[in-house]
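Here is the structure we will look at.
Every chain is numbered from 1, with letters handed out A, B, ... down the list of sequences.
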2 protein chains.
Amino acid sequence: MDLAAVAGLLADRTRAAFCLALLDGRAWTASELARHAGVARSTATSHLHLLVDGGLLAEERHGRHRYLRVADHRVLELIESLAALAPRQTVRPRSLSASGRQQALARARLCYDHLAGAVSLTVIDAMVERGLLRWGPDPGLTHEGAAWLTELGIAVPSGSRRPLVRACLDWTERRPHLAGAVGAALCDHALTTGWLVRIGTTRALTVTPAGRRAWHDHLGPRP
Amino acid sequence: MDLAAVAGLLADRTRAAFCLALLDGRAWTASELARHAGVARSTATSHLHLLVDGGLLAEERHGRHRYLRVADHRVLELIESLAALAPRQTVRPRSLSASGRQQALARARLCYDHLAGAVSLTVIDAMVERGLLRWGPDPGLTHEGAAWLTELGIAVPSGSRRPLVRACLDWTERRPHLAGAVGAALCDHALTTGWLVRIGTTRALTVTPAGRRAWHDHLGPRP
DNA sequence: ACAACCGTTCGACGTCCCTCGAAGCGTCCG
DNA sequence: CGGACGCTTCGAGGGACGTCGAACGGTTGT
């Protein structure tokens, strides 16, 4: 493995597109990256093997998903050094308007069907403090939590093999956030009632005034 | 020209060897680089075209020579970023003992058959101050300079179409240094008398105690 | 149990590009 | 002027690699 080999890992449009997509610090799945770059899944698989074996990307496997992220801060610097010399700046738009957009992603976003970002962690903290949620090694919903959901008009999910409460790694916050059936139901409810709305067609979410009111009413400081 | 294309420029062993060789800040000719990388001159030509067109290297043509150097500080950073991720560090020895070696090269070295580096510039300055040398747009040797050479035991070169005094670009100092027949004769004399000796088999030179004495005797502060 | 989905392996196809030698052009030196 | 040298262009050969579709194993959710 010499210098030319490392450069060769980034000397392909598809692999470069993967790395640029991963610059936002989030973890992507292999299929997401394949769709983003416009190649077949099998093609993405071989590329991802090269990038992981070469030490540029790190992987974490959860069930049938394979999450990928940039391995190292040195890799970030390498990609930035390359971008600084590429006249056609496909990544440059980020620096203009999308530093704010990246902040929005870090604040609140969709992670498949549930909420991620800094906001999702405050939800967990508030729910744990009010005794609605068990967190830690054996997460679950308490009786109070079930009643709380019913009060919100959310049917407590059941009849599925999907766990009610699950921890999902949050790559921007480096802490797990709320997934599982309850996480999905909460997120779905927040979107249908307009507490949260998507920013354009991206995964980024923003909290509406109605969302702030609901937060105060249902998760605000205890009396 | 996108990110993958820039990476592709360095994704070849030969081109990577060129760039690593040029890391010392000196200018190399195309043939030197070809010999250093072990490829045919025609191969080197095509690679150098790619690197120059891609903006990684800059060229300067002098007569039949083509001098190449790293174009930009951003290119230096890119190469260093790549080297930081390459486990097989062919360039790493530089950082250990050869930061001192690089300083030695910047101080005094051979440029073909004459002297280059910081020492060569002090020679010019001292010779100009003593009226031995005309420098600037029309460089040449003065009558006093010719007498000074004879006094040193150096025959004033003649009978050749090679100019007596010529300016040669010094890439570490960004100033021209003394070349031409006089530059070569002075350098040859300094090496044969032991004023200068080569460091190992490299082009780097070091000034001996005898060299310092000779400097004081022949170019020292005027009375 | 069954369907849907994610990821993987494999073989085949096509393309890109790295390499060299021979021939040629311009410059420098005697 | 004639020889030496540095560099370039051109064509041909050959190896490396990116791409896809089809088939398969494993996990998730109904």
| field | Atom-to-atom span, CZ of A/Phe18 to P of D/dG18 - whole angstrom | value | 12 Å
| task | Rounded to the nearest angstrom, tell me the gap between atom NE2 in B/His62 and atom P in C/dC29. | result | 14 Å
| remark: Scanning both residues in full, the closest heavy-atom pair of A/Ala86 with B/Leu3 reads CB-N, 3.8 Å
| message | Regarding A/Arg35, tell me which of base, sugar-phosphate or nothing describes its non-hydrogen contacts under 4.0 Å with the strands shown. | response | nothing
| task | Grab the NE2-P distance between A/His65 and C/dC5 for me, whole Å please. | result | 12 Å
| said: So A/Arg66, base contact, sugar-phosphate only, or nothing? Heavy-atom distance under 4.0 Å. | reply: sugar-phosphate
| field | B/Val39 backbone acceptor or donor facing B/Thr43 side chain under 3.5 Å | value | no
| What is the distance, rounded to the nearest whole Å, between atom NE2 of A/His49 and atom P of D/dT19? | 16 Å
| task | Between A/Arg41 and B/Glu59, name the one whose nearest nucleotide on DNA chain D is closer to the 5' end. | result | B/Glu59
| said: By the 4.0 Å heavy-atom rule, please label B/Thr43 as base, sugar-phosphate, or nothing. | reply: base
| query | Base, sugar-phosphate, or nothing: which does A/Ser42 touch, judged by heavy atoms less than 4.0 Å apart? | reply | base
| field | Nearest to side-chain heavy atoms of A/Ala40, which nucleotide of D/dC20, C/dC18, C/dG21 | value | D/dC20
| field | Polar pair under 3.5 Å, donor/acceptor by atom type, side chain A/Arg64, base C/dC5 | value | yes
| message | Between C1' on C/dT9 and CG on A/Leu50, what's the gap in Å once rounded to a whole number? | response | 14 Å
| So do the side chains of B/Leu68 and B/Leu51 get within less than 4.5 Å of each other, counting heavy atoms only? | no
| request: Could you tell me the separation between the CG atom of A/Leu68 and the C1' atom of C/dC6, rounded to a whole number of Å? | output: 13 Å
| message | So if I take every side-chain heavy atom of B/Arg15 and compare against C/dG7, C/dC18, D/dT9, which nucleotide ends up nearest? | response | C/dC18
| request: Respond yes when some side-chain nitrogen or oxygen of A/Thr45 is under 4.0 Å from OP1 or OP2 of C/dT9, and no when none is. | output: no
| task | Would you mind reading off the distance between A/Tyr67 atom OH and D/dT27 atom P, rounded to a whole angstrom? | result | 15 Å
| said: Can you measure A/Arg61 atom CZ to D/dG25 atom C1' for me and round it to whole angstrom units? | reply: 13 Å
| said: Taking atom NE2 as the centre, does A/His36 end up with more than 12 heavy-atom neighbours from other residues, nucleotides or ligands that are less than 6.0 angstrom away? | reply: no
| said: Looking at every heavy atom in both A/Leu178 and A/Met127, which two are closest together, and how far apart are they? | reply: CD2-SD, 4.3 Å
